[in-house]
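Notes follow the structure.
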Amino acid sequence: MKEQQDALEILDQLKSELEKAGGFFSKKPDWDLCLDLCDELSRILPEYVKEASQVKERKKDILANADVVAKNTIRAAEEKANKIVSDSEIVRSAQAASKQIIENAYAQCDNLILRTKAHLDNLFKDTENFLCSTLSVVRTNREELRAALTGGNKAG
């Protein structure tokens, strides 16, 4: 008997053999060959049907697995998206907080500058008062010295 052939090839051979019987003067089909081809199909078709059934069963498993994988992928993507959104909110919050900290630092700096200027103004005022007082003492002593110098010349 023939070696195992592909079912489609066997069907093509059977069809070709049967087509020979198309007209009145045409050749008769080789019935033994046709029967052999049918036997060969009967022998290999159950295996093909079995393989098709296994593929069909695996198809269900593959589709179920693909569905699980797809749902897991979607869940992971949603979690990642939520984390990114959360991170974005954290970044926005941190930026707002840092802006507030900087504004507070500038306000404190401005306040410190104003207090320092006021303190320096008081120091300058105290120094000016001290120097004016000292100048007044020096002026008085000088006037007294002049008076003593001009008054002492008359006595002598």
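Remark: Lys99 NZ to Asn104 CG distance equals 12.5 Å, nearest 0.5 Å. Note that CG of Leu145 and CG of Leu149 are 4.5 Å apart. Values are rounded to the nearest 0.5 Å. Between Ser42 atom OG and Leu35 atom CG the span is 10.0 Å, to the nearest 0.5 Å. Distance CG/Asp6 to CD/Glu40: 10.5 Å, rounded to 0.5 Å. Of the inter-residue distances, the one linking Cys38 atom SG with Arg43 atom CZ reads 14.0 Å to the nearest 0.5 angstrom. With rounding to the nearest 0.5 Å, the separation of SG in Cys34 from NZ in Lys15 is 14.0 Å.
Side chain to side chain, Asn82 and Glu78 fail the donor-acceptor criterion of an N or O pair below 3.5 Å.
Ile10 places a side-chain heavy atom less than 4.5 Å from the side chain of Ile44.
Both Leu14 and Trp31 are part of a single hydrophobic cluster, where members link through side-chain heavy atoms under 4.5 Å apart.
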Check against side-chain contact (heavy atoms from CB on, under 4.5 Å), Lys60 and Glu57: CA-CA 5 Å; Lys60 288 178 185 177; Glu57 287 177 22; 5.9 Å; no

Checking side-chain contact (heavy atoms from CB on, under 4.5 Å) for the pair Arg139/Arg142: CA distance, chi angles, key distance, verdict? CA-CA 5 Å; Arg139 191 172 291 135; Arg142 189 170 169 221; 5.7 Å; no

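At least one donor-acceptor pair closer than 3.5 Å links the side chain of Ser98 to the backbone N or O of Gln95. With Ser88 contributing its side chain and Ile84 its backbone, the two residues share a donor-acceptor pair below 3.5 Å.
Sorted by first then second residue, the salt bridge (Lys or Arg N to Asp or Glu O under 4.0 Å) pairs that include residues 61-72, not counting sequence neighbours, are Asp67-Lys71.
Scanning both residues, Leu41 and Pro46, for their nearest heavy atoms gives O-CD, 4.2 Å.
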Could you give the side-chain donor-acceptor pairs of residues 107-125 under 3.5 Å, partners two or more places apart or in another chain?
{"from": "Thr116", "atom 1": "OG1", "to": "Leu112", "atom 2": "O", "distance (Å)": "2.7"}

